[in-house]
Amino acid sequence: MLEIKTKAFGSLQNNCYLITDSSTGESALVDCTEDSAEMQKFISGANLKYILLTHGHFDHIGGVKAVKELTGAKVVISAEDEPMLSSSKESLAAYCGAVHNNTEADLIVADGDEIMLGETVIKVMSAKGHTKGGLCYIADRNIFTGDTLFFCSCGRTDFPGGSSSEIIESLKRLASLDGNYNVYPGHDRVTTLDFERNNNPYMKV
């Protein structure tokens, strides 16, 4: 059983999710926008094992270095997006006047990999299109989609490494999953996969 705590951070209102395996109390943070008192309060008391990054853009990794040093949590990302952790140009921070604190990955994952959070299995799904190494994380009947799938929309593809054809293929893969899921995106509101199948124009292409 997974407990999910949600909060939006920063000027771009990035959703970060603190997910906890209820049987063991082990937690993971899905994306880490900033290093702030607000972020520290959000994760306070958590037995944080992982920082699961959906991709490497600056607004999703700004607090990773500090939270990693504070908690000892392992940083998880794809091989394609790993360079963004140590390059303000790759993360786009250099072009936006944003803070970029160089850090390193502890665990490189790819499509089909599984991460154990206590007794909860977190499945890794490749979700290219917004970036070359975008990921979704699937646990129980929940999907953390980063900037791939939003409420009635999808992520931008006009940044370096973006591809409109790849993001459509990623959305098709999500749509083809068996059954309904709660969808926790990187921005905007929580939705469900059934709702997006029926209403999201980008899932109907």
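Note that the structure is a prediction, hence the values are computed from the model and not measured.
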Check for a donor-acceptor pair, side chain of Tyr202 on one end and backbone N or O of Ile167 on the other, with a separation under 3.5 Å.
no
Within the structure provided, determine whether Asn102 and His100 are in side-chain contact (heavy-atom separation under 4.5 Å).
yes
State, yes or no, whether a side-chain contact exists between Val76 and Asp106 at a heavy-atom distance under 4.5 Å.
no
Spacing of NZ belonging to Lys65 relative to OG belonging to Ser86, to within rounding of 0.5 Å
11.5 Å
Any Val75 side-chain heavy atom under 4.5 Å of Glu104 side chain:
no
Rounded to the nearest 0.5 Å, how far does CZ of Phe151 lie from CG of Asn199?
7.5 Å
Apply the test side chain to side chain donor-acceptor pair (under 3.5 Å) to residues His57 and Ser91: give CA-CA distance (whole Å), side-chain angles for both, the deciding distance (0.1 Å), then the verdict.
CA-CA 4 Å; His57 283 156; Ser91 74; over 6 Å; no
My understanding is that only one of Lys128, His55, Lys132 makes a side-chain hydrogen bond (donor to acceptor under 3.5 Å, both in side chains) with Glu80; could you say which?
Lys128
Is a side-chain donor or acceptor of Arg197 paired with a backbone partner of Ala175 at a separation under 3.5 angstrom?
yes
Heavy-atom nearest pair, Leu53 first then Ile77, reads CD1-CD1, 4.0 Å
Using only heavy-atom distances, determine whether the side chains of Thr192 and Asn182 contain a donor-acceptor pair under 3.5 Å.
no
Spell out, as yes or no, whether a donor-acceptor pair under 3.5 Å connects the side chain of Thr103 to the backbone of Leu85.
no
Does Asp111 come within less than 4.0 Å of Arg173, counting only side-chain N to carboxylate O?
yes
Determine, using the 4.5 Å side-chain heavy-atom cutoff (strictly less than), whether Tyr17 and Val109 are members of one ILVMFWY cluster.
yes
Derivation of the side-chain contact (heavy atoms from CB on, under 4.5 Å) call for Leu52 and Ile115
CA-CA 10 Å; Leu52 305 176; Ile115 300 166; 3.9 Å; yes
Determine, for Lys123 against Asp113, whether the closest basic-nitrogen to carboxylate-oxygen distance falls under 4.0 angstrom.
no
How far does CD of Glu34 sit from CG of Leu12, to the nearest 0.5 angstrom?
10.5 Å
Can Leu48 be reached from Tyr137 by stepping across I, L, V, M, F, W or Y side chains whose heavy atoms are under 4.5 Å apart?
no
Using a 4.5 Å side-chain heavy-atom cut-off and chaining through intermediate ILVMFWY residues, the residues clustered with Met116 come out as Val121
Any idea which heavy atoms bring Leu2 and Ala139 closest together, and the distance?
CD2-CB, 3.7 Å
Sub-3.5 Å donor-acceptor pair from the side chain of Ser87 to the main-chain atoms of Pro83, do we have one?
no
For the student: nearest non-hydrogen atoms of Asp147 and Gly186, plus distance:
OD1-CA, 3.8 Å
Nearest heavy-atom neighbours spanning Gly179 and Asp194
O-OD1, 4.5 Å
Does a donor on one side chain and an acceptor on the other come within less than 3.5 Å for Thr191 and Glu196?
yes
Can His187 and Asp59 be said to form a side-chain contact (heavy atoms from CB on, under 4.5 Å), step by step?
CA-CA 11 Å; His187 303 269; Asp59 54 322; 3.6 Å; yes
Pair up each side-chain donor or acceptor in residues 40-47 with any protein partner under 3.5 Å, not counting sequence neighbours, and list the distances.
none

Say you draw a straight line from OG1 of Thr54 to CG of Asp81; how long is it, rounded to the nearest 0.5 Å?
8.5 Å
Transitive ILVMFWY side-chain link Ile168 to Leu149, under 4.5 Å:
yes
In sequence, state the C-alpha distance, the side-chain angles, and the governing distance for Lys89 and Tyr95, and then conclude on side-chain contact (heavy atoms from CB on, under 4.5 Å).
CA-CA 7 Å; Lys89 290 184 178 179; Tyr95 306 103; 3.9 Å; yes
Between Ile143 and Cys136, the two heavy atoms sitting closest are CG2-CB, 4.1 Å
Are Phe144 and Val64 linked, directly or through other ILVMFWY residues, by side chains that come within less than 4.5 angstrom of each other?
no
Asn142 side chain to Val183 backbone, donor-acceptor under 3.5 Å:
no
As an exercise, state the distance from CG of Leu177 to NZ of Lys172, rounded to the nearest 0.5 Å.
15.0 Å
Ile108-Met84 co-clustered via ILVMFWY side chain contacts under 4.5 Å:
no
Less than 3.5 Å apart, which donor and acceptor atoms pair up between the side chains of residues 153-161 and the rest of the protein, not counting sequence neighbours?
residue : atom : partner : partner atom : Å
Arg156  : NE   : Asp158  : OD1          : 3.0
Arg156  : NH2  : Asp158  : OD1          : 3.3
Arg156  : NH2  : Asp158  : OD2          : 2.8

Contact between Tyr184 and Thr145 at the side-chain level, heavy atoms closer than 4.5 Å - yes or no?
no
When every non-hydrogen atom of Cys152 is compared with those of Phe195, the smallest separation belongs to SG-CE2, 3.6 Å
Give the C-alpha distance, both sets of side-chain angles, the deciding distance and a yes or no for side-chain contact (heavy atoms from CB on, under 4.5 Å) between Ile61 and Asp31.
CA-CA 6 Å; Ile61 68 168; Asp31 289 336; 6.0 Å; no
Is there side-chain contact between Thr148 and Leu135, with at least one heavy-atom pair below 4.5 Å?
no
What's the separation between atom SG in Cys96 and atom CZ in Phe58, rounded to the nearest 0.5 Å?
4.0 Å
Any Met203 side-chain heavy atom under 4.5 Å of Leu174 side chain:
yes
Applying side-chain hydrogen bond (donor to acceptor under 3.5 Å, both in side chains) between Thr120 and each of Thr20, Thr24, Asp21, Asp140, report the one that passes.
Asp21
Ring centres of His130 and His60 under 6.0 Å apart?
no
Between Lys7 and Glu38, is the salt bridge (Lys or Arg N to Asp or Glu O under 4.0 Å) condition met? List the steps.
CA-CA 10 Å; Lys7 188 169 182 58; Glu38 193 175 14; 3.1 Å; yes
Would you say that Leu18 contacts Thr6 through its side chain, given a criterion of any heavy-atom pair below 4.5 Å between the two side chains?
no
Under 4.5 Å between any side-chain heavy atoms of Asn101 and Asp35, yes or no?
no
